[in-house]
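Below is one structure, written out as structure tokens, with a few remarks after it.
Predicted model, so just to flag it, every value in this text is computed and none were measured. Reminder, nothing fancy here: chain letters follow the sequence lines and each chain counts from 1.
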Amino acid sequence: MPEGHTVHRTARKLQRELGSQSLEVSSPQGRFTDAVLLDGQKLVKAEAWGKQMFLHFETGVVRIHLGIYGKWLFQKFEEDPAEPKGAVRLRMRGDRFVADLRGPTACELIEQDGVSAVLQRLGPDPLRNNAGDGERFIQNVQKSRRPIGQLLMDQGVLAGVGNVYRAEILFRNRQSPFTPGSQVRTEVLEVIWDDCVALMPLGVRTGIMLTRDGYLKGRPRLDERYYVYKREGQPCRECGTPVSLALMATRKLYWCQGCQK
DNA sequence: GATTAATGCTAAA
DNA sequence: TTAGCCTTAATCT
């Protein structure tokens, strides 16, 4: 379930459960051959930037990107954890906690300057919201003629937003996905940035992507969480127009033609 | 048991 | 713009 909020949430969990401990690091599946180089080392820090995660060990950094299928599985255990289930690329075992990683696009050992290289091509991350990030986001959008719907998914423009948040944030701000970035007004982009900053921490806190205002309690059912995502053909919650579906750069784009002009 | 879809991205054309 | 990659869960026969 990988958009930026998931990666941040996982990084925090790994930091909390495995940070500052010497870990047993392995690759049960065998594909991450560098695991042996880290075995027995301390996890110094786990951090996320957009959808990228960096696990800082004593002598190197593991860069992880879940891609579209990647998943973590966590277990607490007393004596020994259960045997890895499925194709586990990376297993990190601490005192009482073990983390298994399956199906990532990237799981590689890099050095510090490799981290910098990755960060250089990433746009601002609303879950970090450093000083000046909003302005950088706006510049990134307005210098492009590609449609805003594509730009929100471009990690060089905005880091951490994926297909669900893309659709939902555009709806929440009544913005058509098809407007070229260069034509979206600065005030609109300011509000969109602020909306990401306000909305995404809820996903980090709860682990659930919830984008509808007024549904913040409990654990809303899947079909109640969104305004437009995966709701093609169903009536828009605001105006009743059937929600539209189209492919935009190979990804499914959901939007309301009535609300998002 | 086979097929499909999934919250992603890269490199090649 | 397209093919390819990695894996699982849900949906089909």
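In this structure, A:Val44 and A:Glu58 have side chains that are in contact, with non-hydrogen atoms separated by less than 4.5 Å.
The side chain of A:Lys71 places no N or O atom within less than 4.0 Å of a non-bridging phosphate oxygen (OP1 or OP2) of B:dA6. For B:dT10, one of the phosphate oxygens OP1 or OP2 lies less than 4.0 angstrom from a side-chain nitrogen or oxygen of A:Arg121. An OP1 or OP2 oxygen of B:dC9 is reached within less than 4.0 angstrom by a side-chain nitrogen or oxygen of A:His65. Side-chain nitrogen and oxygen atoms of A:Arg251 include at least one within less than 4.0 Å of the OP1 or OP2 phosphate oxygen of B:dT7.
Nearest to the side-chain atoms of A:Arg102 among the listed nucleotides B:dA6, B:dC9, C:dT8 stands C:dT8. The side chain of A:Pro2 lies closest to B:dT7 when the candidates are B:dA6, C:dT8, B:dT7. Here C:dT7 is the nucleotide among C:dT7, B:dG8, B:dA6 with the atom lying nearest to any side-chain atom of A:Gln29. Side chain of A:Ala87, nearest nucleotide from B:dG8, B:dA6, C:dT8: C:dT8.
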Notebook entry, point to check: Yes or no on side-chain hydrogen bond (donor to acceptor under 3.5 Å, both in side chains) for A:Gln260 and A:Ser176, after CA distance, side-chain angles and deciding distance?
Noted result: CA-CA 5 Å; A:Gln260 299 170 257; A:Ser176 161; over 6 Å; no
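At the heavy-atom level, A:Tyr165 lies nowhere under 4.0 Å from the strands shown.
A donor-acceptor contact closer than 3.5 angstrom links the side chains of A:Thr186 and A:Gln142.
Between A:Tyr226 and A:Tyr229, the ring planes lie perpendicular to each other; the angle is over 60°, past the 30° to 60° tilted range.
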